[in-house]
Amino acid sequence: DSPEKYLGMIRPSQDQQFGDYQANFAMPMSKELGKAPRDVASEVIAKLNVSEFCHPPEVAGPGFINLKLKDEWLKESLNQIKNDDRLGVQSVESSRKYIVDYSAPNVAKPAHVGHLRSTVIGNALYRVLQFLGHDAVSDNHIGDWGTQFGMIIYGYKNFLDQQSYEKKPVEELARLYRLVSQLSDFQSAVKSLPQLNAKLDEATQRLVDLEKADSSKKGYKKKLKKARSDIQNQKSGIVSCEARIELIKNDPVLKELADGHPDIAEKARLETAKLHSGDQENLALWEKFIPHCLETLQEMYDRLDISFDMSLGESYYQPMLSKVVESLKEKGLAKESEGAICVFHESNAAPFIVQKTDGAFTYATTDLATVEYRVNELKADCILYVVDSRQGEHFKLLFETAKAWGYDSVEFHHVNFGTILGEDRRPFKTRSGEVIGLGSLLDEAVSRARATVNANDDAREKPELDDASRAAIAETVGIGGIKYADLHHNRESDYIFNWDKMLSVTGDTATYIQYSYARINGIFRRGNVDLARIREEVELCLDNPAERGLAIQVLQYSEILDQVIKELKPNLLTDYLFGTANSFSTFYEKCPVLKEENEELRNSRLFLCDLTSRILKHGLSLLGINTSEKM
Ligand code: ARG
């Protein structure tokens with residue numbers, strides 16, 4: 001059996017009395033080998049050759065192997081990274097070409113909170129890959145060819161305010177998009193309200209029946225709970241439906257527009273179809289709109305400090321799509337089914353549709369063309385798609401189809417992630433039910449951060465920060481806070497957006513780590529410390545367990561980054577940085593630094609401070625989060 005799966009079972013110990021690392025693979029191995037776990041552990045130890053860096057390993061409890069690192073080895077390892085900008089992280093031996101497909105919003109719709117996760121997670125993975133020495137290329141696969149353009153084109157042809165467009169095209173296009181979607185939402189809400197009410201009646205009736213039924217039956221409580229939550233769900237669906245109707249009904253201007261443009265959704269769809277079939281007028285409009293759409297996007301990326309190596313949107317692949325379908329047919333992979341061209345896979349009930357009945361190509365076709373381009377032109381070894389979990393089936397079918405099509409030596413990963421929820425556990429929206437614009441979200445983060453920064457500085461005997469620095473720090477804390485909140489959750493789970501948790505000075509937040517970093521820099525400033533000299537002359541002392549703990553923490557940086565890429569999980573890095581900040585805080589409580597009178601010891605501790613601050617800054621930077629020396 002491969003040792004791979006057991007390697008992950010060697011982990012840092014929770015408690016230093018069990019050594020620094022603990023391995024618990026003897027238990028599962030014993031089952032496979034049919035021996036007692038303690039015997040397996042002893043056998044392993046007997047064959048182990050770790051004396052260079054480790055005290056003789058010990059077997060403990062049911063069969064744990066405890067490993068304690070030698071102080072000499074720790075000191076030597078720390079000395080080696082003294083002046084190393086890479087903090088002990090070596091570049092990979094064989095660099096691979098990674099394409100990181102992330103962010104990829106559908107442009108022309110206003111950016112909202114849902115766009116954040118892909119952008120932030122993808123960017124962090126990209127930065128780590130690059131730092132590890134891989135040839136990583138970030139590609140923003142923007143949705144610039146979708147149905148939203150039909151909506152804007154329809155709006156442009158019917159509702160344009162020429163003067164506004166000339167003055168502020170971006171705003172005017174956003175207004176047109178909103179207007180058309182409001183009108184079409186209204187019309188579909190009017191249509192579906194009677195059905196929703198009927199469903200509510202049904203659900204209510206089910207509850208009434210259930211309440212009359214025998215409550216001692218098995219599963220009764222569960223059924224009751226389900227019936228009640230069904231009613232709740234129906235009700236909230238109706239509330240939001242009614243809200244969409246009210247919005248228009250209460251506005252005479254909008255109401256007139258809605259009445260004058262019945263079936264607006266269908267008309268917008270026809271505009272999209274015209275665009276896709278090469279209609280000159282619509283194509284010209286599309287070309288006119290695109291730069292404005294990209295401009296708004298760019299504002300968001302600038303603020304988030306994110307850029308891409310390339311942004312080949314969906315439109316780029318349009319000329320290649322018919323060939324893709326031809327090739328799939330030739331290879332016997334795609335066939336006609338009910339008028340559409342489909343690729344069937346045994347693993348999935350629904351096929352991968354590459355051409356619809358009306359002849360239109362799909363999201364799937366575009367993604368296949370993109371694979372072809374990335375492998376043949378960009379020479380990709382590995383493609384990461386940082387996209388919402390809800391697209392799981394699409395990517396499963398994409399990868400299977402691509403492999404069958406001949407792209408079987410490429411590694412594909414759907415780096416999936418969950419949804420950002422509001423306190424009510426529903427997708428995060430404003431009170432009135434609209435999605436939250438990304439711009440205003442970032443503004444709010446910064447203004448809340450500003451309050452924290454002010455309070456913290458005002459609490460000092462002598463405040464240290466002038467207005468401009470407070471503003472700059474608030475930007476760092478606010479944007480960093482948002483990014484970290486997103487990164488520190490296991491990406492596969494949904495998470496609840498919470499401002500207070502996000503910006504808390506004491507929890508698992510960017511703010512806490514940024515403050516730890518600033519705190520260390522404060523030590524250097526107060527002590528007028530010459531770091532270059534300290535690095536040169538330091539004699540390390542690791543007698544205190546808190547010093548040892550911090551030293552080991554610092555030396556784990558490299559293995560953590562490897563793990564981040566192995567699992568494609570940036571939260572392993574946030575966990576590590578949080579752990580490092582905690583180790584520092586314990587160290588700083590237990591070990592005086594500037595007040596330490598023994599100069600050698602003082603310098604040794606200052607050196608540990610130096611390494612910690614470098615790790616915190618560097619680690620945060622790999623997550624796309626800035627730091628400030630003073631806070
Ligand atoms: N634009 C798509 C969306 O917003 C995401 C695209 C992800 N990348 C891809 N190659 N499919 O849903």
Side-chain angles (χ1 to χ4, degrees), residues 106 108-115 146-148 150-152 154-155 158-159 171 173-211 223-272 388 390 419-441 444 494 496-499:
N106 295 329
K109 296 183 190 177
H112 62 84
V113 54
H115 293 119
T147 49
Q148 70 272 32
M151 294 166 71
I152 303 193
Y154 187 86
N158 291 281
F159 310 126
E171 271 88 345
L173 291 178
R175 184 188 74 86
L176 291 174
Y177 175 80
R178 265 200 312 275
L179 178 59
V180 174
S181 61
Q182 271 177 352
L183 298 179
S184 99
D185 280 354
F186 165 73
Q187 290 167 359
S188 80
V190 169
K191 261 195 215 142
S192 58
L193 191 58
Q195 287 160 20
L196 290 179
N197 277 319
K199 279 202 178 139
L200 176 62
D201 290 345
E202 279 168 32
T204 315
Q205 189 57 44
R206 270 203 301 279
L207 183 65
V208 172
D209 293 346
L210 203 59
E211 277 168 344
K223 276 191 191 151
L224 203 62
K225 208 173 153 197
K226 164 124 188 5
R228 291 203 174 115
S229 91
D230 280 353
I231 292 183
Q232 264 326 322
N233 284 339
Q234 290 301 341
K235 276 191 184 157
S236 62
I238 290 176
V239 168
S240 78
C241 193
E242 282 171 344
R244 277 182 282 161
I245 296 177
E246 290 304 302
L247 196 70
I248 306 291
K249 263 207 179 143
N250 294 337
D251 186 323
V253 181
L254 289 177
K255 181 71 174 60
E256 202 185 308
L257 291 179
D259 292 342
H261 296 264
D263 272 332
I264 199 167
E266 176 59 12
K267 287 178 189 139
R269 202 188 62 77
L270 289 175
E271 295 295 354
T272 309
D388 197 306
R390 283 170 286 199
T419 310
I420 306 182
L421 305 174
E423 295 291 350
D424 58 0
R425 304 201 131 266
R426 300 180 162 272
F428 191 41
K429 302 246 166 95
T430 58
R431 260 198 212 135
S432 60
E434 285 161 63
V435 287
I436 295 176
L438 201 53
S440 58
L441 190 83
E444 179 157 3
D494 298 345
I496 295 178
F497 192 93
N498 179 310
W499 284 115

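Only a predicted model underlies this, so the values are computations on that prediction, with no experimental measurement involved.
- Between K235 and I231 there is a side-chain heavy-atom pair separated by less than 4.5 Å.
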Would you check, one step at a time, whether the test side-chain contact (heavy atoms from CB on, under 4.5 Å) holds for F186 with I245? CA-CA 5 Å; F186 165 73; I245 296 177; 3.8 Å; yes
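- Residues T204 and L200 meet the side-chain proximity criterion, which asks for heavy atoms closer than 4.5 Å.
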Determine, step by step, whether I238 and E242 satisfy the side-chain contact (heavy atoms from CB on, under 4.5 Å) criterion, reporting the C-alpha distance in whole Å, the side-chain angles of both residues, the deciding distance to 0.1 Å, and the verdict. CA-CA 6 Å; I238 290 176; E242 282 171 344; 3.7 Å; yes
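- The stretch residues 236-265 participates, sequence neighbours left out, in these ring-ring contact (aromatic ring centres under 6.0 Å, His included) pairs: Y154-H261, F159-H261.
- K267 contributes no side-chain N or O that, together with a main-chain N or O of G150, makes up a donor-acceptor pair within less than 3.5 Å.
- Between S188 atom OG and K191 atom NZ the span is 7.5 Å, to the nearest 0.5 Å.
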Check step by step if side-chain contact (heavy atoms from CB on, under 4.5 Å) holds for L257 and L179. CA-CA 10 Å; L257 291 179; L179 178 59; 4.2 Å; yes
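- Taken to the nearest 0.5 Å, the NE2 atom of H115 stands 6.0 Å off from the CG atom of N106.
- With rounding to the nearest 0.5 angstrom, the OG atom of S184 is 13.0 Å from the CZ atom of R269.
- In terms of heavy-atom proximity, A203 sits nearest to D230 at CB-CB, 4.5 Å.
- When all heavy atoms of L210 and A227 are compared, the pair lying nearest together is CD2-CB, 4.1 Å.
- R426 has its side chain within reach of N233: a pair of non-hydrogen atoms, C-beta onward, lies under 4.5 Å apart.
- Under 3.5 Å, the side chains of Q205 and D209 contain a donor-acceptor pair of N or O atoms.
- The local environment of CD in E256 is sparse, with at most 12 non-hydrogen atoms from other residues, nucleotides or ligands closer than 6.0 Å.
- Contact detail for W499 and L441: the closest heavy-atom pair is CH2-O, 3.5 Å.
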R390 vs T419, test: side-chain contact (heavy atoms from CB on, under 4.5 Å). Steps then yes/no. CA-CA 9 Å; R390 283 170 286 199; T419 310; 3.6 Å; yes
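- Here the side chain of D263 pairs no donor or acceptor atom with the backbone of E266 at under 3.5 angstrom.
- Judged purely by atom type and a 3.5 angstrom limit, Q187 uses its side chain to pair as donor or acceptor with the backbone of I264.
- Taking a cutoff of 4.0 Å between a charged side-chain nitrogen and a carboxylate oxygen, R228 and E211 qualify as a salt bridge.
- Contact check for V190 versus I248: no side-chain heavy atoms found under the 4.5 Å cut-off.
- Taking every heavy atom of both residues into account, L254 and L183 meet most closely at O-CD2, 3.8 Å.
- Not one N or O on the side chain of E423 forms a donor-acceptor pair closer than 3.5 Å with the backbone of N498.
- Two residues are said to be in side-chain contact when any heavy atoms from C-beta on lie closer than 4.5 Å; I496 and I420 fail this criterion.
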